[in-house]
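Contents: one structure, followed by commentary.
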Amino acid sequence: MKKNILSLALCALVGFSGCDSFLDLEPLDKVSGDRLTETDGGIKALLANVYATVPMEDFVFRPYTGFNARDYDGVNGSSNIAFLSDEAARSEGGGGITESFEYWPYGDIRQVNIFIETVKSSQEKGILNAEDATRMVAEARFARAYIYFGLAKRYGGVPIIDRVQDGDYVPGNGDVLRVPRSTESDTWKFIIKEFGEVAGDLPTSTDGYRFTKWGALGMKSRAALFAASLAKYWDKAALAGEAVTQKLVGIDKSEADFFYGECISASEEIINNSGKSLYAANPSSVADAVNNYQQLFLNTPDNEVLLARGYADGTTNPNQGHSWSLYYTLAQVNPGALRYGRFSPTLDLVDLYEDYTDDGTGKSAPIKTRADGMEQNVTRVQLEGSIKLTDPYIQYEDLSAPFKGKDARLQASIIVPGATYAGTRILMQGGLIDPSGKIFIYNNNSALGKDGKTYFAFGAEGTASYSGFGNLGNSENGNYTTTGFSVRKYMEEFKTLSSNYNSVTTPFIDIRLAEIYLNYAEAVVESGKGDKGKAAEYLNALRHRAAHTDNIPLTLENVLKERRVELAFEGKRFWDMVRRRENHQYFDAGMRSALVPMIDLRQDTPKYIFVRANFHGDELQNGRTFTPQSYYRSIPGISNNGLVQNPGY
């Protein structure tokens, strides 16, 4: 056992080093095996590694390469789970929707189980006091439940191993160690039960980034809503085969109410008893709401955050920071990163945000590009060769005009054309119409305006002087937005950044109270259980924090729209589309949308028109397709582990 414990201890302390004095210990390669298992300090060092097993889809999660992926190879370093959904795209395009979601961490599960036994043994020996031992076991079970959550949302039912199996082994008969897959329902029930039970043994307040009661209940709320949606919407993409027959994938509709109830009860306990509240819930103005919402993701306020991961400065602690603000910084403000600007939010998302009409409907206000309301995408071929300039495109005075008066969360989450970022006016422009009506698109041609000035299709001449569409003429260069938008959420706009990768220390917020409000509201609407009045109150509290003054009705449409705008780019949307079985419907040769601003020189004073277009990366693939079988990944190693394979593999 000591050998296994030691191997665990020598793993990298990813994500938690330097974040908490309890876990900020001497280097593990200088700690003897005896001290690791037989001293208080050694066992606490092991706990840091248990935290490192948690599959949090944070700043160093790469869908193509896995967790804690800090190595940069020019492609995977700038991948993000948002790019697999309808809320954003990688600027240079490419990639599918389900690559490399394989995750089979039974080695981690074994090490966590060994740790739990070690803690219990250490308490019996008097090495640990009862309070520390109880908390550490609860933290380890939290980590293990999170690991199973990562498994269940990828594979459905999986083998549940919640103890060390060493005593089960019979020489010459390895089959006794094989554990069959549990049903998908039982797997989710195990996860929910574990989070619920450990909540009672965890503290109510955090020191550093350690797990708390409220983080455990937040995970219970999230997992229960996931399972409830699977049960309710399974038949939207029903599968067939042995795994279905054995209920290893799929949950009966009759169980949806149970899971919705578990979500509601966990959410209610957080809302009623945690003392948590929305950060800056009552802004004095829209500008105040914009600033508050942006600061929420830079300051990680305790009053709203239930679970977060911290990072150390990667310039002095190699591979302890992250690179979010470098990979996605804009060309005009790039501090020296080799690859940058590769996060392109979609027009699909931007169209969801409201104007401040406060008419009590909560309806989205799509960006207006044409006076006749015919808001349809054009193809790249149409964009490059046959835009009908006789069509009634709205002539705007400046690049930012279509976005004025929009929801504060749009302004705080997304950089729109003509916006100011880090004191610089951001140019995201994809085309030019010269005085004669000739169109130049996706290349930086210039033309003389009627005012005698020279104008460029991308807004400026030098490649460091604009931030949009520069790579469409050069497939090897992806350093510009290609949808007309860039990300602002989590970006360190107000700091001087190092050009070193993995040097950013902004914490990642995994669960916050806003998500719990939305979980509760969705569960109430979907099940008819819970308090509809409270659910409506929580829904509107989020809008009020964004400076809306009206109240909108509690409807599923309103809840789901609010979820998308409130949680944008926080890693939730892809999995929401999975649990609600929406991926195969949206991505059926589907194409995400871009907005192409063009400067129009036909007038004495230049104007701007905006053209809706298919995202070029999706056009290159003739659209993106997600097949129903992809809701579950392929079970690895079935020739050795004897497990039943998922449908379609």
Side-chain angles (χ1 to χ4, degrees), residues 91 329-334 340-341 344 347 350 367-372 374-375 378 380-406 411 414-474 477 479-486 594-613 616:
S91 294
T329 194
L330 295 159
Q332 291 172 256
V333 292
N334 177 29
Y340 49 89
S344 291
L347 179 58
V350 172
I367 301 303
K368 296 178 180 178
T369 68
R370 293 168 57 118
D372 60 2
M374 300 292 288
E375 302 289 353
V378 299
R380 180 166 180 170
V381 170
Q382 291 171 327
L383 236 152
E384 292 179 326
S386 58
I387 295 176
K388 295 179 180 178
L389 295 180
T390 55
D391 286 351
Y393 286 102
I394 298 172
Q395 300 281 329
Y396 284 102
E397 297 291 331
D398 60 70
L399 275 175
S400 61
F403 314 99
K404 295 187 185 304
K406 305 295 291 185
Q411 302 175 57
I414 296 174
I415 302 170
V416 302
T420 297
Y421 179 87
T424 299
R425 179 175 178 264
I426 301 302
L427 296 174
M428 290 186 284
Q429 187 177 305
L432 176 150
I433 305 169
D434 77 6
S436 70
K438 186 176 181 179
I439 297 172
F440 300 96
I441 192 76
Y442 292 162
N443 58 70
N444 205 21
N445 293 79
S446 63
L448 198 66
K450 292 183 178 181
D451 57 3
K453 297 179 181 179
T454 299
Y455 294 88
F456 293 87
F458 292 157
E461 182 174 12
T463 57
S465 299
Y466 55 81
S467 296
F469 299 97
N471 63 309
L472 284 173
N474 178 0
N477 184 356
N479 295 338
Y480 301 89
T481 175
T482 49
T483 59
F485 308 101
S486 192
L595 188 67
V596 184
M598 303 177 67
I599 192 165
D600 187 346
L601 304 180
R602 290 175 295 170
Q603 298 82 19
D604 291 340
T605 300
K607 306 288 185 181
Y608 294 90
I609 68 169
F610 294 79
V611 181
R612 291 174 172 271
H616 81 103

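We number each residue from 1, following the sequence as shown.
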Enumerate, atom names and distances included, each donor-acceptor pair closer than 3.5 Å involving a side-chain atom of residues 419-428, sequence neighbours excluded.
none

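- Using a 4.5 Å heavy-atom threshold, the side chains of Leu330 and Ile415 count as touching.
- One distance of note links CG of Asn334 with OG1 of Thr329; it measures 5.5 Å at 0.5 Å rounding.
- Scanning for salt bridge (charged side-chain N to carboxylate O under 4.0 Å, His left out) contacts around Asp604 gives an empty result, with sequence neighbours left out.
- Inter-residue side-chain proximity for Ile394 and Ile609 is flagged as unmet; no heavy-atom pair is nearer than 4.5 Å.
- Arg370 has its side chain within reach of Pro392: a pair of non-hydrogen atoms, C-beta onward, lies under 4.5 Å apart.
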Derivation and outcome, side chain to side chain contact (heavy atoms under 4.5 Å, CB included), residues Phe469 and Tyr442: CA-CA 6 Å; Phe469 299 97; Tyr442 292 162; 3.6 Å; yes
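- Scanning for salt bridge (charged side-chain N to carboxylate O under 4.0 Å, His left out) contacts around Asp434 gives an empty result, with sequence neighbours left out.
- Residues Thr369 and Leu595 meet the side-chain proximity criterion, which asks for heavy atoms closer than 4.5 Å.
- At distances below 3.5 Å, not a single donor-acceptor pair connects side-chain atoms of Arg380 with backbone N or O atoms of Ala613.
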Trace of the side chain to side chain contact (heavy atoms under 4.5 Å, CB included) decision for Val596 with Ile441: CA-CA 9 Å; Val596 184; Ile441 192 76; 3.8 Å; yes
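- For the residue pair Tyr455 and Ile599, the shortest heavy atom distance occurs at CD2-CD1, 3.5 Å.
- Here CG of Asp372 is found 7.0 Å from CG of Asp391. Values are rounded to the nearest 0.5 Å.
- Although no hydrogens or angles enter the test, the distance criterion places no donor-acceptor pair under 3.5 Å between the side chain of Lys607 and the main chain of Leu601.
- Contact annotation: the side chain of Thr605 never approaches that of Asp451 to less than 4.5 Å [non-hydrogen atoms, C-beta and beyond].
- Qualifying ring-ring contact (aromatic ring centres under 6.0 Å, His included) partners for Tyr393, counting only residues two or more places apart in sequence or in other chains: none.
- Ile414 approaches Phe485 most closely through the heavy-atom pair CG2-CB, 3.8 Å.
- Met598 has its side chain within reach of Val611: a pair of non-hydrogen atoms, C-beta onward, lies under 4.5 Å apart.
- Remark: Ser91 engages Arg342, Ser344, Thr482 in a side-chain contact (heavy atoms from CB on, under 4.5 Å) (not counting sequence neighbours).
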N/O donor-acceptor pairs under 3.5 Å from side chains in residues 456-466, not counting sequence neighbours:
none

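- Between Gln411 and Lys406, the closest heavy-atom pair is NE2-O, 2.8 Å.
- Closest of all the heavy-atom pairs between Phe610 and Leu399 is CZ-O, 3.3 Å.
- Put simply, the side chain of Phe403 reaches to within 4.5 Å of the side chain of Pro417, judged on heavy atoms.
- A distance-only check finds no donor-acceptor pair linking the side chain of Gln429 to the backbone of Gly468 [under 3.5 Å].
- Shown here is Lys368, whose NZ atom has no more than 12 heavy atoms of other residues, nucleotides or ligands within 6.0 Å.
- In this structure the side chain of Arg612 never reaches within 4.5 angstrom of the side chain of Val378, judged on heavy atoms.
- Shortest non-hydrogen contact noted between Ser467 and Tyr480 is C-CD2, 3.6 Å.
- Here the side chain of Asn479 pairs a donor or acceptor atom with the backbone of Tyr340 at under 3.5 angstrom.
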